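The following block contains the structure, expressed as structure tokens.
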Number of protein chains: 2
Amino acid sequence: MKQTGKRVTIKEVAEDAQVSVAAVSKVLRNSYGVSAKMRERVEASMRKLDYRPHTAARGMRGKTYTIGILQNDLRNPYLPNIFDGVIEGLEGTGYQPLLGVGQSQVPLESALINSMIDRQMDGLIMIAPRLPEPELERIARQIPTCVIAYHHDQETAFDTANFDSHLGARMATKHLLAQGSRNPVMLSLALPESDATNVIRQRELGFMAELEAHGIETENRVTYSHFDEARTQQVIHDLLNSSEPPDGLFCWSDIVALDTFTVAESLNIRVPEALAVVGYDNTFDQRLRPFGLSSLNQSGHRLGSEAARLLLERIGGRTKAEHSLFRPELIVRGSSAT
Amino acid sequence: MKQTGKRVTIKEVAEDAQVSVAAVSKVLRNSYGVSAKMRERVEASMRKLDYRPHTAARGMRGKTYTIGILQNDLRNPYLPNIFDGVIEGLEGTGYQPLLGVGQSQVPLESALINSMIDRQMDGLIMIAPRLPEPELERIARQIPTCVIAYHHDQETAFDTANFDSHLGARMATKHLLAQGSRNPVMLSLALPESDATNVIRQRELGFMAELEAHGIETENRVTYSHFDEARTQQVIHDLLNSSEPPDGLFCWSDIVALDTFTVAESLNIRVPEALAVVGYDNTFDQRLRPFGLSSLNQSGHRLGSEAARLLLERIGGRTKAEHSLFRPELIVRGSSAT
DNA sequence: CATGAATTGTAGAACGTTATACAAAAATAA
DNA sequence: TTATTTTTGTATAACGTTCTACAATTCATG
């Protein structure tokens, strides 16, 4: 079969406009050396024939005007904000963003990125990649890259855009202590590999740094949740049901903070009186009942548009790496204050 | 600049394996006419040189092994299930799915689809497209297409995969009536265009059909929510606060059912005693407190894998349209039964 | 064995662009 | 006017595959 709708090509446009193929190409890329008159004529022909450039053909020698975005978890409600920001940052540039999903699995992520490179994409925005650093650098050497949610301000091969996770964790922890928490615990996420580039690891480090600043022993103060929800609830249950249950909980994400509420309720532990909870990402607003969830607000939109900006610069020719770091904001709601 | 990592080409593989370029191409596509010995040698060379096919070049004459997925709302928690199903259905086929986001705006959606066609994608899966039918048919004539969440079992240009929305609505409504609801109302979604192909419109029709079957007047029984959350809450507030408030609510989605809870609580209306609520999609499970949300379960995963199956068949040469229709399942929880 | 059929491999055009190199024309300077 | 420079447009070789047509070889059949 094969639907062959016989596309209009640059050649037919050239014939219609009575100019050379090269001239049409120039107009298309608005490259140097076209008179206003010729541009006018060519554009008229393109409209008339409903010409659309053939991306694969362009990719053979030039650019594909395609930006690949790596996203690992489609279910994380924070990520759409980033995507919106990227779209806005790319608006009017002619670049089309396409999303690939790595499913949080290194081999899948690796295959996906390779396939984006094979497709001659012009740039890559990776959100919280799982790939190890040398691999990221190998990729960045092949294609302009900006990485979001990856703390490494000394990296030279690619740009990064982040909110300061370490600082955010300190703010949350300081708040919990100020609210009178004497036995604060952080609920983090168990990850196979978790070095200092990881935002969650940075939050752990920030949490512990703030405790130390207050002279509190940090040992055994971090508990680990999992992607598996049932298992996570079990972990929380064990924690809240222990002999010395925490009176303040700093959660690595809002989602796991919700699980905390569920378990606390089942154990008749009152929030915030007996347990103050702070989440991360500020993904839930007024929808949560009966009290709001305190959380660290960090605009995904801003992260996305900044990443787009950095990437466009890099595609444009910048080779020196840039690292944008924004400041998160603590939003206090009923879950951590009466 | 331009990072030119000088890719290994088919030509170099051919030289290394001491065969013709055509032979390597054949191996690559496992096309007819290659001996086991030759395949072996060529594959060894490909491994040795770490060859990767250049997708743009392939797209010039052959296929790109890329499937485009149109998604309109990244925030809808139901959609990741579909995507997982698609991924599973595509596993091992060599096709790479890439996601485009239409932002629920017709011009954006249109530009996106065109750009997928420009990129010579081999097939398209569209989830709840906003484009009008003639436009969809125009697209499907250019590229193999399967549409999800689009009710039109007479369509000949493309395949569809759906859960029966009309039936689901009838099941929900029947249940509400059986629970004793005397004044049932449906909370639907206001859409600019909403013909019978629309899943939400089908739910409205199913709702009314079931009412009629019970001899209940259908007029003024459908209220419309909006994408804007604040506005939606206002609508719900007005509805629940009216002189004849509903005692049963069939919501077009689980998300808007949550808003219902929020408003009901603020008005001291008890769920389910004074107001029974049924949602749609079964996106929330045990996370919801203090009672679970009754909802219609329809496996997005199944929808996705079915769409992938249909699309692969169509890419493989089928030209006759097929329409898969699955049966949803009503899950009763605390929001509609004591 | 001779003949035809099937199998295995190759040469080379084609796909639709971009980009380089250059010719022609127009503008500017002397 | 004549040189010189600048602007405008063209011809054509890539780019890395696929695919058609065909040649060479091996296999089967009588």
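Just so you know, these numbers use all the heavy atoms, side chains as well, and skip hydrogens, waters and symmetry mates. Residue numbering restarts at 1 for every chain, and letters A, B, ... go by the order of the sequence lines. These numbers come from a predicted model, not from an experiment.
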For A:Glu322, what residues pass the salt bridge (Lys or Arg N to Asp or Glu O under 4.0 Å) criterion, not counting sequence neighbours?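 In terms of salt bridge (Lys or Arg N to Asp or Glu O under 4.0 Å), with neighbours along the sequence ignored, A:Glu322 is linked to A:Arg318.
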Which one, C:dG16, C:dC15, D:dG16, comes nearest to the side chain of B:Arg61?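 Out of C:dG16, C:dC15, D:dG16, the nucleotide with an atom closest to B:Arg61's side chain is C:dC15.
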Residues within residues 44-53 of chain B bordering DNA chain C, heavy-atom distance below 4.0 Å: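 DNA chain C contact set from residues 44-53 of chain B: none.
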Is any side-chain N of the basic residue among B:Glu306 and B:Arg302 closer than 4.0 Å to the acidic one's carboxylate O?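 No, B:Glu306 and B:Arg302 are not salt-bridged.
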Could you list the residues that satisfy side chain to side chain donor-acceptor pair (under 3.5 Å) with A:Gln96, not counting sequence neighbours?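 Residues passing side chain to side chain donor-acceptor pair (under 3.5 Å) with A:Gln96: B:Ser115.
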Indicate every side-chain donor-acceptor pair of residues 21-28 of chain A with a distance under 3.5 Å to a residue at least two apart or in another chain.
{"unit_1": "A:Ser25", "atom_1": "OG", "unit_2": "A:Arg29", "atom_2": "NE", "d": "3.0"}
{"unit_1": "A:Ser25", "atom_1": "OG", "unit_2": "A:Arg29", "atom_2": "NH2", "d": "3.1"}

Describe, as an angle rounded to 10 degrees, how the axis at the first end of the helix from C:dC1-D:dG30 to C:dA30-D:dT1 is tilted relative to the axis at the last end, five pairs per end.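 The value is 30°.
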Provide the full list of ring-ring contact (aromatic ring centres under 6.0 Å, His included) pairs with a residue in residues 90-149 of chain A, sequence neighbours left out, each pair given once.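 Sorted result for residues 90-149 of chain A: A:Tyr65-A:Tyr95.
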Pairs under 3.5 angstrom, nitrogen or oxygen only, protein versus nucleotides 23-26 of chain D, please.
none

Taking only N/O atoms, report every protein-nucleotides 25-27 of chain C pair under 3.5 Å with atom names and distance.
none

Just the table, please: protein N/O against nucleotides 5-9 of chain D N/O, every pair under 3.5 Å.
{"unit_1": "D:dT7", "atom_1": "OP2", "unit_2": "A:Tyr32", "atom_2": "OH", "d": "2.9"}
{"unit_1": "D:dG9", "atom_1": "OP1", "unit_2": "A:Ser35", "atom_2": "OG", "d": "3.1"}
{"unit_1": "D:dG9", "atom_1": "OP2", "unit_2": "A:Ser35", "atom_2": "N", "d": "2.9"}
{"unit_1": "D:dG9", "atom_1": "OP2", "unit_2": "A:Ser35", "atom_2": "OG", "d": "2.9"}
{"unit_1": "D:dG9", "atom_1": "N7", "unit_2": "A:Lys26", "atom_2": "NZ", "d": "3.1"}

ring-ring contact (aromatic ring centres under 6.0 Å, His included) against A:Tyr78, all qualifying residues, sequence neighbours excluded: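 By the ring-ring contact (aromatic ring centres under 6.0 Å, His included) rule, A:Tyr78 matches no residue at all.
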Sequence-distant partners of A:Lys48, salt bridge (Lys or Arg N to Asp or Glu O under 4.0 Å), two or more places apart: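 Expected list: A:Asp16.
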Salt bridge (Lys or Arg N to Asp or Glu O under 4.0 Å) with A:Glu133: which residues, sequence neighbours excluded?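 Expected list: none.
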